[in-house]
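Each chain gets a letter, A, B and so on, in the order the sequences are listed, and its residues count up from 1. Predicted model, so just to flag it, every value in this text is computed and none were measured. Side chains included, hydrogens not; waters and symmetry mates left out as well; all remaining heavy atoms used.
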Amino acid sequence: MDAGSILTAASAMAGLGIILSLILALANKKLYVFEDPRIDEVDELLPQANCGACGYPGCRAFSEALVEGKTAPAKCTVGSPESIDQIATLLGVDAGGADKRIAYLACAGGSNVARQRASYDGVKTCQAANLVAGGGKGCTWGCLGLADCERVCDFDAIHMDENSLPVVDAEKCTACGDCVEICPKALFSIQPMSYKLWVACKNLMANEAAEDECEVACTGCGRCAIDAPEGVINMIDNLAVINYNMNEKTNINIIQRCPTGAIVWRDKKGDVKGQNAKKIIRKSAIPLG
Amino acid sequence: MGTFKHGIHPPEKKEISGDKKIRRFPFSPYLIILLSQHIGRPAKPIVKEGQEVVRGQKIAEADGFVSVPMHSPATGVIKKVGTSLDFDGKMTPSIVIEPYPGSEQSVQTGQDVNVDALKPEEIVKAVQEMGMVGLGGAAFPTHVKFSPPKDKPIRTLIINGAECEPYLTSDYRVMLEQAKRILRGTKIVLKALKAEEAIIGIEDNKKDAAQVLKDTIAIDDSAVNFIKVELLKTKYPQGAEKMLTKALVNKEIPSGGLPADIGVIVSNIATVSEIGELMPKGQGLIERVVTLSGKGIDNPGNYLVPLGTPLEFVLEQAGINDKARQIIFGGPMMGKSAAYLEVPITKGTSGIVVLSEDEVIPRNQKVYPCIRCGECVNVCPLYLNPSRLGILARNDEYDKMAEEFNLNDCFECGSCAYVCPSNIPLTQYFRIAKKVLREGRKRKESMVGTPEA
């Protein structure tokens, strides 16, 4: 092989390289897309849980929306308050922070107070049990206690207590809504922690019919509705329903006359029941029947 | 003898109630008429609390095309128009009737109809008016089934007398005791569908019923040429729509399609019998034949039970003993377990089986991993791959199950779970998967409460 052909090849390659690099340089100028550098900065401050609780498909999409001003930093329920503040400062916007929101469970019927009518032997998930005659719990609205919510929680915030009832750890709960989605009885909802008054029951039966199935059921007696300022509590289908538009008018006195303790006052230390609510001393599960 | 490939041979257990004649059931102190005991929209009540109704009177009307009316099974007074438990454990709209003591069994309402003078469309309309649904168990409104698309002419009416579910004998007794009604009903349905022929398919463990029907047809000159009785091999699930068409006309219903796509309509034999009985009288469906069977029942048999009779009363009358452990609405293969004794008998209840401790799956039975033995693949009548579907279900890959492995063709016959040596509850997995897919992943937004602040 002579030196000439090597030279030809090398110069051909060099020529190609020069032409292509010119095209690239041109494309860089002509097709330049401006991306707000703040998107990357915001993205770095987000928890990268990609849970979707903010309503956007992942943290990146959320940071884009933040920079465009479409949403507020506090919509991210997973991030720490400090990082939310940092994002708000960075973007020069209000954090939009309502108070912390967590999952509330609308059932207090653990196995020590709620009657089981039939034993369920199939696949041990709530979703499966719900398909077999609703799971066999006496109260068809109540928690099945097979811990689908505990399994689905990515943040280790839900644990089953000794009566097979899920307990939400307010510190760890990020309001991502996975438990809301999985519960076949739709007992979870995401609520701000400023909502202290809470009806931990969904049973629509009245009086003895409700109490026979569960000792802590709302029997629809209506005492709380009478004791509350007008409009705060409405009795709908034998169930006390709280109108949270009037949340500032709620107070701990409303729950005092509740005979079963279905309506509670959610204090920092835990749920407070009315002084007239019957005391449950049973520790073990109610026998089948 | 017609049959299909694959399938299983569970113990038949038909001897428990097969020789018991259909007997009338007394009225219970109250009757619960669920307004949504059929597929489709619930019926709309047309009675008020405190109102008196007579046996056979219409108490709720159809809400749209895919819906049927309800009739009062007894003379009495309306106690409540509200909600009651159904056997899925949900509260559904219902009407509670308190029958008058000593109210009579004969039906006084309804005017005689000259069925011969009716046009096909009028027959379909009349089928809806009588509140008829598929009595085999699915409770699909019969008039909807009888209204196939115009571009799909129906050649063959297949009447399902297979009754392949273990324990159940209600269809068998209907065939033995109501052959004339079946013949009359078949002629009416053939006219409504403008179909050429009818084939009654019966499993060969019920040869005597087939003979009775053959004899009845043979003496009717107007029927003998276009109504046939065919014996089928006794095998589960022979009575499934897809298996039956394969066995009787040797055609397969396309995946995701209906029998009408191949010019066939399949109807249960009890449905045809009731049409033959009620339509000429202009009456509605108010009672049905229910098999009560299983070791937990003292007096197993076949009973004509008023719709709406609570399970509690049924078990009390037939006698339930200490051995009873599990109560199933329908047969043990495809039926549903009951958890509440106040749920009523509905139009779709073909039987109630009360199993004893030694007949049910042991409590906390251990589920072993899939060993890929292929038993389930060998028995699936639809040639699906239950083993693969089961593995996907465990990983929540529901979309893949539907898209790549035809999950939605599965009609939950339970054959795969029946033969699985690892005790994997395959059918239950598939039910969950189908339910999740049906409801779709609901948007989180709609369920997460929005703060007012």
Quiz item: Is B:K434 close enough and on-axis enough to B:F430, meaning under 6.0 Å and within 45°, for cation-pi?
Solution: no

Practice problem: Would you mind checking which part of A:Y104 comes under 4.5 Å of any heavy atom in chain B, side chain (CB onward), backbone (N, CA, C, O), both or neither? | Solution: neither

Quiz item: side chain to side chain donor-acceptor pair (under 3.5 Å) between B:S337 and B:Q326: does it pass, once the steps are laid out?
Solution: CA-CA 7 Å; B:S337 285; B:Q326 186 177 15; 2.8 Å; yes

Quiz item: Which region of B:F87, side chain (C-beta onward) or backbone (N, CA, C, O), has a non-hydrogen atom less than 4.5 Å from a non-hydrogen atom of chain A, or is it both or neither?
Solution: backbone

Quiz item: Where do A:N238 and A:L204 come nearest, in terms of heavy atoms and distance?
Solution: ND2-O, 3.0 Å

Quiz item: With a 4.5 angstrom heavy-atom cut-off, which part of B:K90 approaches chain A: side chain, backbone, both or neither?
Solution: neither

Practice problem: Heavy atoms only, distances under 4.5 angstrom: which of B:M91, B:K336, B:R431 has the most pairs with chain A? Name it, please. | Solution: B:M91

Quiz prompt | Which portion of B:F329 sits near chain A, non-hydrogen atoms under 4.5 angstrom | solution = neither

Practice problem: Answer yes or no: are there more than 12 heavy-atom neighbours, outside A:K172 itself, under 6.0 Å from its atom NZ? | Solution: yes

Exercise. Can you tell which part of B:I327 gets under 4.5 Å to a heavy atom of chain A, answering side chain, backbone, both or neither?
Key: neither

Exercise. Check B:S293 against B:I297 and note the closest heavy-atom contact, atom names and distance.
Key: O-CG1, 3.7 Å

